[in-house]
Number of protein chains: 2
Amino acid sequence: MTTRWLSPEEQRAWRAYIAASRLLEDAIDRQLQQEGGMPHLFYSVLANLSDAPDRQLRMTDLAETLKITRSRLTYAVTRLERDGLVRRENCRWDKRGSLAVLTDEGVAVLERTAPGHVETVRALLFDRLTPEQVGQLEEICTGIAQGLQGENESAAAAAEDVPWRRRSGSCSGSSPAE
Amino acid sequence: MTTRWLSPEEQRAWRAYIAASRLLEDAIDRQLQQEGGMPHLFYSVLANLSDAPDRQLRMTDLAETLKITRSRLTYAVTRLERDGLVRRENCRWDKRGSLAVLTDEGVAVLERTAPGHVETVRALLFDRLTPEQVGQLEEICTGIAQGLQGENESAAAAAEDVPWRRRSGSCSGSSPAE
DNA sequence: ACAGCTTGGTTCAAGTTTGAAACAAACCTA
DNA sequence: TAGGTTTGTTTCAAACTTGAACCAAGCTGT
């Protein structure tokens, strides 16, 4: 079949998206690097741990919610561990498992860093969006993300006998947002 | 001033955005790596050159439209040059300058790779958006991008005597989209 | 109880990105 | 026109990412 190229509208949207996402991530990385000494992803690791029950999470679960590979997470946690912000513990239920635990120092760093980060996200993104646009953005991104995960999961599910997975419960938590 | 945290809606939107952009870039990178042997950024370099008059662009201009640092572009072009897809020439007007020129082989690779790429972008993004959402996405991203550049440029402009810059003309071109 | 498959994590090398120099050519300005 | 600043680009080391092994521990069927 002959390729269906992007329409002018799609093309404009695509280019705008690329530009915006590149600029936004760069800006946020720079801010976090300066004020927190770490890239955005590492901050997200801390933020996610702080939201988790007991401030700890299994590596795979964390990687999954962050949408990154396990090896990338291993690197991040290793670095954060070296800096004393996270500690590793082995999972008692599953001897293969490894838990990343947020240390007190990690909490402190997170609390010190969060305001500047949120301020930045606000200034660069939300202050420039109307409430409707916030809703639109969420809807668009949720759909896209679902589609992208759905692929893997449905493929995986189709290849599996058991379609539902049991996972350690997450949820709740009121802490320095991300 | 006490930090204004993100509202629940903003928080949801932010998380969804992070997830979507991470998954999307990963998927696109994987596709392009497999079928074209290069990451998305490198493809974009080729695509942008192919749109340019004479299939050539100054390094700085290219970096600017791609929203990346000059040193990042230097690396990309060096690699593409090693692979024979791009060639460097020195700018005659400005002996400091360097031009990146798309080679015939570069054109060929681009033409061979573009359909799969566009197909992917379509499947992962546009096929999941209504026409209105495409418009919304463009508007949102354009605004954000402008804001993010505006900062630098207005800061730079404020620090300059001459507010407008002369740049080699760009525009036009009908080629394997990006 | 054991062979074989799956899952959770890490390791390692190769590739890419970052940011701060280093350079050279162009552009003032006195 | 010499000296000082700015602009265009590259270089270099350190940091980060990727993907393909690899290893150990759980699970399965026999």
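Per chain, numbering begins at 1; letters A, B, ... match sequence-line order.
With DNA chain C read from its 5' end, the first of the two nearest nucleotides for A/M59 and A/D26 is the one closest to A/M59.
In A/E139, the CD atom is not crowded: 12 or fewer heavy atoms of neighbouring residues, nucleotides or ligands sit closer than 6.0 Å. The number of heavy atoms from other shown groups lying within 6.0 Å of CG (B/D94) is above 12.
Applying the 4.0 Å criterion to OP1 and OP2 of C/dG8, one finds that A/R70 has every side-chain N and O outside that range. When the side-chain nitrogen and oxygen atoms of B/T60 are compared with OP1 and OP2 of D/dT9, one or more of them lie within a distance under 4.0 Å. At the phosphate of C/dT16, OP1 or OP2 sits under 4.0 Å from a side-chain N or O atom of B/Y75.
Counting to the nearest Å, the C1' atom of D/dG26 and the CZ atom of A/R92 are 18 Å from each other. Atom pair A/L66:CG and C/dG9:C1' shows a separation of 16 Å (rounding to whole Å applied). Atoms CZ (B/R72) and P (D/dT11) sit 19 Å apart, rounded to a whole Å. Whole-Å rounding puts the B/H40 NE2 to C/dG15 C1' distance at 18 Å. The CG atom of A/D61 sits 12 Å away from the C1' atom of C/dT7 (whole-angstrom rounding). Rounded to whole angstrom, the span from the NZ atom of B/K67 across to the C1' atom of C/dT17 amounts to 19 Å. Rounded to a whole Å, the CG atom of A/L41 is 16 Å from the P atom of C/dT17. As a whole-Å value, the separation of A/E64 CD from C/dT7 C1' is 12 Å.
Not counting sequence neighbours, A/E105 has no partner by the side chain to side chain donor-acceptor pair (under 3.5 Å) test.
Under a hydrophobic-cluster definition in which Ile, Leu, Val, Met, Phe, Trp and Tyr are linked whenever side-chain heavy atoms come within less than 4.5 Å, directly or via other members, B/L73 and B/L99 are assigned to different clusters.
A/Q34 and A/R30 share no side-chain donor-acceptor pair at under 3.5 Å. When only modelled atom types and interatomic distance are considered, B/E35 and B/Q31 share a side-chain donor-acceptor pair under 3.5 Å.
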The test is salt bridge (charged side-chain N to carboxylate O under 4.0 Å, His left out); show your working for B/R79 and B/D83 and say whether it passes. CA-CA 6 Å; B/R79 209 266 234 178; B/D83 294 350; 2.9 Å; yes
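Here the OG1 atom belonging to A/T142 is positioned 13.0 Å from the CZ atom belonging to B/R128, to the nearest 0.5 angstrom. Considering OH of A/Y43 and CG of A/L110, their distance stands at 5.0 Å, rounded to 0.5 Å.
Within residues 76-90 of chain B, the residues approached by DNA chain C to less than 4.0 Å at the level of any non-hydrogen atom are B/R79, in residue-number order.
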How does each nucleotide of nucleotides 19-27 of chain C score, in 5' to 3' order, for protein heavy atoms under 4.0 Å: base (B), sugar-phosphate only (S), or none (-)? B-----BS-
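Checking D/dG8, D/dC16, C/dT10 against every side-chain atom of A/P39, the shortest atom distance belongs to D/dC16.
Contacts of B/T74 with the nucleic acid, taken as non-hydrogen atoms under 4.0 Å apart, include base atoms.
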